[in-house]
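The structure appears right after this line, and notes come after that.
Hydrogens, waters and symmetry mates are skipped; everything else that's a heavy atom, side chains included, is used.
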Amino acid sequence: MVRGKTQMRRIENATSRQVTFSKRRNGLLKKAFELSVLCDAEVALIIFSPRGKLHEFASSSKFLIKLQHLKHEAAAMMKKIEQLETSKQKLHGEGLGSCTMEELQQLEQKLERSVTTIRARKMQVYKQQIDRLKEKEKALCAENAMLCDKPLQFGLQAWGRAGSSEERAVVPSAEISEVSDVETELFIGLPETRHKRH
C-alpha cells in the first residue's frame, strides 16, 4: 500500500504533532548514526523538542563534549527565559502575590524609570513634530507673501498699461470739446425761438 505525500506544514492537532515528532526524531537519530558508521563521518545532531527538551547525537567524543556544553548552555538559557517571563508577568501586574516588599519596591523603581524614559521619548517626538510644523509654517508664510505680492505687481502693470491708453483716448475728446459749440446756458422754449434770441 502506497502512502500519500505528506504536506509540509505545521500539524494543528497537538497529539498528532507530538507523535510525529517522536517518530521522526528517532528516525533522524538513526540516520545520523548510520551515516557516521557507513561513511566514517563525524556527525553531531542537536534537536530541541517543542517543549524545549534537548536531544542529541555525537559520533565522536569531541562532539559529545561540545554537545554536553551546549546542553548546559541550553538549560541556562531556558532558565533565563523562565525568569524573563516571570519578570514580564510581574511588570504586567500578574503574579505579585508571592513578591516580598523588597521585590515590589524594585519593581516600582523599574516602572518609574520606564515611565521617565517613555515620557522623555514622547517629549522628543513632540519637539520634532513641532519643529517640522514650524518649518512648514515658515514655508507657507513665504509662499503666501509671494502670492500676495504677485497680484499687486500684476495689477499695477495692468493699470499702467490701461492708464496710458485712456490718456490717449481722453486727449482727442478734450480737443473735440474745445472746438465744438456747446451751449451751456439754460433756455426754456422751442428751439426756433432759441436761435432767434441769438
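When the side chains of ILVMFWY residues are joined at heavy-atom separations under 4.5 Å, either directly or via intervening members, F48 and I81 end up in two distinct hydrophobic clusters.
Side-chain contact check for R25 versus L29: some heavy-atom pair is nearer than 4.5 Å. Between I47 and F21 the shortest side-chain heavy-atom distance falls below 4.5 Å. Counting heavy atoms from C-beta on, the side chains of H55 and K53 come closer than 4.5 Å.
Side-chain N or O atoms of S87 include none that pairs as donor or acceptor with a backbone N or O of Q83 at under 3.5 Å. Checking side-chain atoms of N26 against main-chain N and O of S22 turns up a donor-acceptor pair under 3.5 Å. Looking only at distances, no side-chain donor or acceptor of Q128 sits under 3.5 Å from a matching main-chain atom of V125. Although no hydrogens or angles enter the test, the distance criterion places a donor-acceptor pair under 3.5 Å between the side chain of S36 and the main chain of F33.
Closest of all the heavy-atom pairs between V43 and S59 is N-OG, 2.7 Å. Of all non-hydrogen atoms in L96 and K90, the two that sit nearest each other are CD2-O, 3.8 Å. For the pair G95 and S98, the tightest heavy-atom approach, listed with the atom from each and the gap, is O-OG, 3.8 Å.
Of the inter-residue distances, the one linking T117 atom OG1 with K122 atom NZ reads 14.0 Å to the nearest 0.5 angstrom. Summarising the geometry, atom NZ belonging to K134 is positioned 8.0 Å from atom NZ belonging to K127; distances are rounded to the nearest 0.5 Å. The OG atom of S114 sits 7.0 Å away from the CG atom of L91 when rounded to the nearest 0.5 Å. The line from CE of M101 to CD of Q106 is 12.5 Å long, rounded to the nearest 0.5 Å. Taken to the nearest 0.5 Å, the CD1 atom of I11 stands 10.5 Å off from the CD atom of Q18. Distance check: T116 OG1 to L111 CG gives 10.5 Å after rounding to the nearest 0.5 Å.
Using a 4.0 Å cut-off between charged nitrogen and carboxylate oxygen, E12 and R10 count as a salt-bridge pair.
A donor-acceptor contact closer than 3.5 angstrom links the side chains of R121 and Q124.
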Query raised in the report: Could you go step by step and tell me if H72 and Q68 meet the side chain to side chain donor-acceptor pair (under 3.5 Å) rule?
Result: CA-CA 6 Å; H72 290 301; Q68 289 299 323; 4.7 Å; no

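Within 6.0 Å of atom CZ in R24, 12 or fewer heavy atoms from other residues, nucleotides or ligands are found, so the atom counts as exposed in its surroundings. By the neighbour-count criterion of 12 heavy atoms within 6.0 Å, atom CD of E102 is sparsely surrounded, having that number or fewer from other residues, nucleotides or ligands. Other residues, nucleotides and ligands contribute more than 12 heavy atoms inside 6.0 Å of the CG atom of D131.
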